[in-house]
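Encoded as structure tokens, the structure appears first; notes follow it.
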2 protein chains.
Amino acid sequence: MLNDEKINAALPHKHDEIEEKLLNDMPSDDTIRSVSGILKQLGDPSRLKIFWLLCHCEECVINIAALANMTSPAVSHHLRLLKSSGLITSRREGKEMYYKAADTEMASSLHLTIESIADISCPN
Amino acid sequence: MLNDEKINAALPHKHDEIEEKLLNDMPSDDTIRSVSGILKQLGDPSRLKIFWLLCHCEECVINIAALANMTSPAVSHHLRLLKSSGLITSRREGKEMYYKAADTEMASSLHLTIESIADISCPN
DNA sequence: TTAACAATTAAACAATCTTTGAATTGTATT
DNA sequence: AATACAATTCAAAGATTGTTTAATTGTTAA
């Protein structure tokens, strides 16, 4: 309530009253940063393609590069980003590193979102 | 099947066989671009904050700027991007332009996704 | 028609990100 | 040990993007 008054007072225009609910539910800057950070990972075509691939199979870097039409260093770079976001995991087998989508609620939820957006925006 | 052989032949390493399903369901580059384009919009903290706000209320530019701690030109810039992606709509009332989330499956689906990611990654 | 305000546009700058090719590390094989 | 191959790292180039300030457009009211 103290907070409400502060924010409402800060608003240049007072139109319809902003409900307490909205102000209370407003995500913190940390939350915003965290969520946008995740979405930014999939906001790049190369990474989205790689992530989609790794949602459907486990593959080594060379094959990922071949399937995504990219060089190995470029793939490595994106794999590192995806991995440090917790969206994929890796395992070594001999000379090769195998990558796949992480077995987490986040990864599977994003996978569903991607398929859903694809269905909505590209109804083929 | 012709396609399978082509792609499998292009794979440097042949591990487990890649099923036809995967190859057939593989999104086209256009689809990848389209989906990543949408996600990129919300991959920026400023735009995510604005979009979240506009999912919960309709507001004029000045108030959006105040709530998001941004300048008017910056807000205008992001509003234009969100609008040309079809995620928000606008209407004029006197001197003011009011923006809100678009009344589409895409917008409401993304809204759900955002809240879901926030819940998973920031369990407060 | 002027004045005041809301919103957008434009240009410049800073920052970030993606890609590339060369060099390096790590692993297995001979 | 030496070789071969997979993967990563590194430095640099090129491209994209976000933010800022100033100028401009559009709308209302005096």
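Here is how names work: the chains are called A, B, and so on, in the same order as the sequence lines, proteins then strands, and each is numbered from 1. Given the structure is predicted, the values throughout are model-derived calculations rather than measurements.
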Distance check needed: [N] [atom2] versus [X] [atom1], whole Å only.
X: A:Lys40; N: C:dA15; atom1: NZ; atom2: C1'; answer: 10 Å
X: A:Leu42; N: C:dT18; atom1: CG; atom2: P; answer: 12 Å
X: B:Asn63; N: C:dC5; atom1: CG; atom2: P; answer: 16 Å
X: A:Leu79; N: C:dT18; atom1: CG; atom2: P; answer: 13 Å

Taking only the side-chain nitrogens and oxygens of A:Arg47, find out if one of them lies under 4.0 Å from OP1 or OP2 of C:dT18. yes

Quick check: is B:Met97 connected to B:Leu81 through a chain of hydrophobic side chains (ILVMFWY, heavy atoms under 4.5 Å apart)? no

Any link between B:Met106 and A:Leu39 through a network of hydrophobic side chains (Ile, Leu, Val, Met, Phe, Trp, Tyr) touching at under 4.5 Å? yes

Donor-acceptor pair, side chain of A:Thr31 and main chain of A:Pro27, under 3.5 angstrom: no

Quick tally for nucleotides 19-30 of chain C: nucleotides whose base has a protein heavy atom under 4.0 Å get B, sugar-phosphate-only ones S, the rest -, giving BBBB----BS--

Taking any atom under 4.0 angstrom from a heavy atom of chain B, which nucleotides of DNA chain D are the first and last to qualify, 5' to 3'? D:dA6 to D:dT28

With salt bridge (charged side-chain N to carboxylate O under 4.0 Å, His left out) as the criterion, how do B:Arg91 and B:Glu58 come out once you've worked through the C-alpha distance, each side chain's angles and the decisive distance to 0.1 Å? CA-CA 10 Å; B:Arg91 113 188 125 78; B:Glu58 189 185 37; 2.9 Å; yes

Partner set under salt bridge (Lys or Arg N to Asp or Glu O under 4.0 Å) for B:Arg33, not counting sequence neighbours: B:Asp30

We want to know whether B:Lys83 and B:Ser90 form a side-chain donor-acceptor pair, criterion being a heavy-atom distance below 3.5 angstrom. yes

Minimum heavy-atom separation for B:Met26 to A:Trp52, with atom names? CA-CH2, 3.3 Å

Minimum heavy-atom distance A:Leu42-A:Leu48, with the two atoms named: O-CB, 3.8 Å

